[in-house]
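Worksheet: the structure to be examined is printed underneath.
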There are 2 protein chains.
Amino acid sequence: MITLHATAADLDRLARHLKVLAEPNRLRIVDLLMQGVQCNCELGDALNMAPNLISHHLRILREMGLVEVERDAVDARWIYYSINRSLLAQLAQTFGAFFDPTRIQDRHPACGPQGSLVYADRTLEAVC
Amino acid sequence: MITLHATAADLDRLARHLKVLAEPNRLRIVDLLMQGVQCNCELGDALNMAPNLISHHLRILREMGLVEVERDAVDARWIYYSINRSLLAQLAQTFGAFFDPTRIQDRHPACGPQGSLVYADRTLEAVC
DNA sequence: GTGATAGTTCAACGCTCGTTGAACTATCAC
DNA sequence: GTGATAGTTCAACGAGCGTTGAACTATCAC
């Protein structure tokens, strides 16, 4: 997953996942599903949102892989949604690794007077 | 911070932070700052972005509290940016707690045939 | 087959926000 | 004071996307 030096593809993937989760109503849906499996109408009632809007958001979460679907065995009209535990764990790990404070390096600026002082042997390399 | 049952204010705060970080160029800026203190032009060169756009994104990161500013002691035109380590740690903890897989509960749906079966004593409570 | 129910899809609107270009501010060297 | 430099702010444009309302699909009971 994310190493000390994240690749561009890793960053883009993380940004895409963060964007999905950054929408307040989707985050609320995820929070509710963390509390247990629920159907569209239950989510809608809890969040005061219309069924089609719930469907819309759930679709985005499903496309991301974070939410899974199961139809009722007795009556297929009922659809239950749940969190994909393994992807959630992966996401938590990715985020934790990327935003790990111990990853902050001591490197000083290569530009400006302070930059020139600290990296005297890199002055020629400093473009700005 | 985030407890097992996140409050609405907690969710909104988390969503706001996620939204800041979800923008790909801002995430790239954060990644670069994780590798060490840098100035506007260094970030701009690395990401092929104009100074004003870098300023714009840095402002948003500063307003969130994640990025800190220091002017060069010799020449105040030079401004160095760095990551606020304590806020980063807080963010990582918040995210990790919210998206902790062990937080997923076993609750079954209160709606539909499966819901009625599992929670026979809650049937009257099921609205949908 | 008809009507009800649970949920999905479609399309349009309006809001948000990233980007671009211009202008501005502060600092420095001469 | 002038010109250069590092960075910031402002305003406008257009892309993206959440929401709304309507229509649709699938399933069920009778």
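Protein chains get the first letters and strands the later ones, always in sequence-line order, with residue 1 at the start of each. Reckoned from all heavy atoms, side chains included, excluding hydrogens, waters and symmetry mates.
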Mind checking the [atom1]-[atom2] spacing from [X] to [Y]? Nearest 0.5 Å is all I need.
X	Y	atom1	atom2	value
A:L88	A:I83	CG	CD1	6.5 Å
A:N48	A:L53	CG	CG	10.5 Å
B:R16	B:L11	CZ	CG	11.0 Å

Is there a donor-acceptor pair under 3.5 Å between the side chain of [X] and the backbone N or O of [Y]?
X	Y	answer
A:Q35	B:Q105	no
B:R103	B:F98	yes
A:N40	A:P51	yes
A:D72	A:W78	no
B:R71	B:I79	no

- Query: To the nearest Å, how far apart are A:N40 CG and C:dA6 P?
  - Reply: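 The distance from CG of A:N40 to P of C:dA6 comes to 10 Å, rounded to the nearest Å.
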- Query: Could you state the CG-P distance from B:N48 to C:dT19, rounded to the nearest angstrom?
  - Reply: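 My rounded result for the distance is 12 Å.
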- Query: By salt bridge (charged side-chain N to carboxylate O under 4.0 Å, His left out), which residues pair with B:D12, not counting sequence neighbours?
  - Reply: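 Salt bridge (charged side-chain N to carboxylate O under 4.0 Å, His left out) list for B:D12, sorted by chain: A:R28.
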Output a table of donor-acceptor pairs, distance under 3.5 Å, between side-chain atoms of residues 56-65 of chain B and any protein atom two or more places apart or on a different chain; print 'none' if there are none.
unit_1 : atom_1 : unit_2 : atom_2 : d
B:H57  : ND1    : B:R26  : NH1    : 3.2
B:R59  : NE     : B:E63  : OE2    : 3.2

- Could you identify which residues of residues 16-24 of chain A place a heavy atom less than 4.0 Å from some atom of DNA chain C, listed by residue number, or say none?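 Nothing qualifies; none.
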- Task: For DNA chain C, just give me the dot-bracket, please: Watson-Crick or G-U, both distances below 3.5 Å, ( ) intra-strand, [ ] crossing earlier pairs, | paired with another strand, . unpaired.
- Result: ||||||||||||||||||||||||||||||
- Message: Taking 4.0 Å as the cut-off, does a side-chain nitrogen or oxygen of B:R26 come that near to OP1 or OP2 on C:dG18?
- Response: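 Yes, such a contact exists.
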- Message: C:dA6, OP1 or OP2 - any side-chain N/O from A:Y80 closer than 4.0 Å?
- Response: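 So the side-chain polar atoms of A:Y80 never come under 4.0 Å of the phosphate oxygens OP1 or OP2 of C:dA6.
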Detail all sub-3.5 Å separations between protein N/O atoms and N/O atoms belonging to nucleotides 28-30 of chain D.
unit_1 : atom_1 : unit_2 : atom_2 : d
D:dC28 : OP1    : A:V74  : O      : 3.4
D:dC28 : OP1    : A:A76  : N      : 3.1

- Listed in order of residue number, which residues of residues 51-65 of chain A have a non-hydrogen atom at under 4.0 Å from DNA chain D?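 Close to the strand are A:N52, A:L53, A:H56, A:H57, A:I60.
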- Message: Could you report the tightest heavy-atom contact between B:Q38 and B:L43, atom names first, then the distance?
- Response: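 It is OE1-CD2, 3.8 Å.
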- Query: Do A:N52 and A:S55 meet the criterion of a side-chain donor-acceptor pair at a distance under 3.5 Å?
  - Reply: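 The criterion, which ignores hydrogens and geometry beyond distance, is not satisfied for A:S55 and A:N52.
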